[in-house]
Asker: 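Dumping the structure here so I can ask a few things about it.
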Amino acid sequence: MPDRIALLDLTYAQLRELLTSWGEPSFRADQVWGWLYRSLVSDFNQMRNLPKELRARLGEAAYLQTLTPLTERVSADGLTRKVLFALRDGETIESVFMRYERRRTVCVSTQVGCPVGCPFCATGQSGFRRNLTAGEIVEQVLHFARMVKFTHQSPSAPFSPQVRGEGMGERGPDSLITNVVLMGMGEPLLNYEATWQAIETLNDAKGFGLGTRRITLSTVGVVPGIRRLSREKLQVGLAVSLHAPTDRLRDKLVPLNRRYPLRRLMAACRDYVQNTGRRVTFEYALMEGINDSPEQAQRLGRLLQDALLKVGCPCHVNLIPLNPTIGSPYQPSSRKMALAFQRELERQRIPTTMRVGRGIDIQAGCGQLRGKI
Ligand code: SAH
Ligand code: SF4
């Protein structure tokens with residue numbers, strides 16, 4: 001018997017082709033797509049308007065579920081949940097769901113492990129196993145969308161009025177999940193095809209309908225990938241993990257910098273802003289005694305001024321307190337150093353935010369829960 005098809009791995013066009021090759025009318029593809037990405041069903045038998053024979057055939061030839069939740073941790077305030085999923089081949093990945101006042105954000109993984117190997121990152125330290133498929137990326141979002149839709153699960157925080165009592169009537173599934181960030185395990189631009197297909201699937205107006213403005217991709221700086229992104233029709237938010245203002249330091253913290261040094265990275269970011277009209281966010285994890293001195297803040301400010309701001313390209317720096325990982329010598333900066341760093345950037349008129357550590361009590365940092373199992 002041929003291998004069963006992972007239905008979530010299909011694009012809309014591929015689904016249509018499959019169903020028409022079975023002799024089905026073309027509107028069946030719309031129906032199945034709607035069940036998957038609007039009604040969020042996880043079983044063919046729930047696809048009520050399909051003929052029974054078609055449901056049976058789908059059940060024989062294809063499957064829906066690629067992820068099995070193994071462990072879930074909920075932060076003490078109930079606002080952050082992190083799930084460890086098993087994939088069908090036994091590999092594991094993590095995804096995080098964060099509830100804010102007006103947003104429900106899912107942070108998804110794009111690879112099992114990561115080949116880049118940044119020394120401060122739990123995922124980077126765990127090595128690389130394989131790329132995720134588009135379906136495995138999308139299903140992480142569907143998991144939390146179903147959780148919000150079907151269980152209204154909210155251990156301590158009440159649901160906001162827009163969500164309470166919300167069936168799936170007039171509002172689309174995108175309102176269950178308002179933002180998706182590709183900031184979990186792995187480097188999305190080293191798994192470009194599957195990542196991009198997942199973004200297109202989540203964005204599709206016939207299905208999940210999540211606007212590209214509400215999707216952010218975080219990269220460590222894969223220059224050809226950034227250039228390819230800037231030529232896409234859909235334009236997502238771009239975050240670049242910088243962590244150092246000089247090549248010397250960045251070569252150590254982000255080994256891929258040896259291949260794509262700062263000069264090339266900044267040129268690619270500039271082109272991205274010019275082609276898409278969207279600003280770039282730079283992520284900077286503050287590590288005590290490594291990258292947090294006032295001189296380093298000054299150099300970072302100059303780098304961004306010269307490469308971007310002076311040529312009219314807006315950018316933004318997101319300062320992140322490092323989440324210490326087991327076995328790594330890197331420690332978070334003190335609050336005093338962090339604030340001084342931020343002040344220097346602001347003095348140079350670089351817009352900044354300081355990210356609040358979210359879910360530290362549940363090892364919500366990249367790759368940390370997986371390392372525990
Ligand atoms: N590979 C991509 C996306 C996944 S990592 C990238 O590196 O951008 C998502 C973010 O988490 C990156 O900004 C990364 O630098 C950051 N990160 C990884 N380990 C961390 C840690 N221990 N503390 C704080 N941030 C961390
Ligand atoms: Fe990979 Fe990003 Fe972790 Fe670096 S920080 S090892 S690129 S996941």
Side-chain angles (χ1 to χ4, degrees), residues 80 82 93-96 98 105-132 137 140 180-192 194-195 198-199 215-223 225-226 229 236-244 249-260 265 268-269 280-288 290-292 316-333 338 353-360 362-372:
T80 304
K82 174 158 171 162
I93 53 158
E94 298 170 2
S95 322
V96 183
M98 289 162 282
T105 299
V106 180
C107 173
V108 300
S109 294
T110 54
Q111 296 182 312
V112 183
C114 178
V116 179
C118 303
F120 56 88
C121 168
T123 304
Q125 291 310 291
S126 71
F128 174 63
R129 304 284 300 176
R130 70 168 172 87
N131 282 331
L132 294 188
I137 299 171
Q140 297 169 61
V180 167
V181 294
L182 298 120
M183 289 191 185
M185 296 165 56
E187 169 48 51
L189 296 185
L190 292 179
N191 182 17
Y192 196 100
T195 297
I199 288 172
I215 302 175
T216 302
L217 183 150
S218 175
T219 177
V220 76
V222 181
V223 167
I226 297 175
L229 261 189
V236 297
L238 179 66
V240 174
S241 301
L242 203 56
H243 308 315
L249 179 59
R250 199 162 188 271
D251 281 352
K252 284 198 206 120
L253 295 181
V254 176
L256 203 69
N257 193 66
R258 290 176 215 144
R259 177 121 57 108
Y260 306 116
L265 176 58
C269 291
V280 175
T281 296
F282 292 100
E283 308 275 343
Y284 197 100
L286 288 162
M287 307 176 208
E288 183 173 43
I290 305 284
N291 66 357
D292 64 348
H316 176 108
V317 176
N318 193 14
L319 297 167
I320 316 161
L322 184 80
N323 223 329
T325 61
I326 299 161
S328 139
Y330 300 102
Q331 291 300 317
S333 301
T353 41
M354 183 93 74
R355 195 199 283 173
V356 221
R358 263 279 190 147
I360 288 183
I362 56 162
Q363 280 88 36
C366 187
Q368 291 185 331
L369 182 58
R370 180 166 171 260
K372 286 251 153 181

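Counting convention: from 1, in listed order, for ligands and their atoms alike.
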Asker: Answer yes or no: does an N/O atom from Gly186 fall short of 3.5 Å to an N/O atom of ligand 1?
Answerer: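 Yes, there is a polar N/O contact under 3.5 Å.
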
Asker: If you measure every N or O of Ser241 against every N or O of ligand 1, does any of those distances drop under 3.5 Å?
Answerer: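 So ligand 1 has an N or O lying under 3.5 Å from an N or O of Ser241.
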
Asker: Taking 4.0 Å as the limit for heavy-atom contacts, which would you say applies to Val240 with ligand 1: side chain only, backbone only, both, or neither?
Answerer: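 The answer is neither.
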
Asker: Taking only non-hydrogen atoms of His243, do any sit less than 4.0 angstrom from ligand 1?
Answerer: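 True for this residue.
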
Asker: Show the nearest heavy-atom pair for residues Cys107 and Gly184, with the distance to one decimal.
Answerer: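 Nearest heavy atoms, Cys107 then Gly184: SG-N, 3.4 Å.
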
Asker: With side chains defined as the heavy atoms from C-beta onward, is the minimum distance between Val240 and Cys269 less than 4.5 Å?
Answerer: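 Contact flag for Val240/Cys269 side chains = yes.
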
Asker: Examine ligand 1 and decide if any of its atoms is less than 4.0 Å from a heavy atom belonging to Gly184.
Answerer: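 Under 4.0 Å: yes for Gly184.
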
Asker: Can you find an N or O of Phe120 that's nearer than 3.5 Å to an N or O of ligand 1?
Answerer: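 Right, the criterion is met.
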
Asker: Quickly, which of Leu189, Thr110, Asn191, Thr216 forms a side chain to side chain contact (heavy atoms under 4.5 Å, CB included) with Leu182? Name it, please.
Answerer: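 With Leu182 as partner, Leu189, Thr110, Asn191, Thr216 yield a single side chain to side chain contact (heavy atoms under 4.5 Å, CB included), made by Thr110.
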
Asker: Can you tell which part of Cys114 has a heavy atom less than 4.0 Å from ligand 2: side chain, backbone, both or neither?
Answerer: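 The answer is the side chain.
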
Asker: Of all the atoms in ligand 2, which lie at a distance below 4.0 Å from a heavy atom belonging to Gly186?
Answerer: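 Within the 4.0 Å cut-off of Gly186, ligand 2 contributes 8 (S).
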
Asker: Got an N, O or S from Cys121 under 2.8 Å of atom 3 (Fe) of ligand 2?
Answerer: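 Cys121 does place an N, O or S atom closer than 2.8 Å to atom 3 (Fe) of ligand 2.
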
Asker: Using a heavy-atom cut-off of under 4.0 Å, does the side chain or the backbone of Glu187 touch ligand 1, or both, or neither?
Answerer: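 It is both backbone and side chain that touch ligand 1.
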
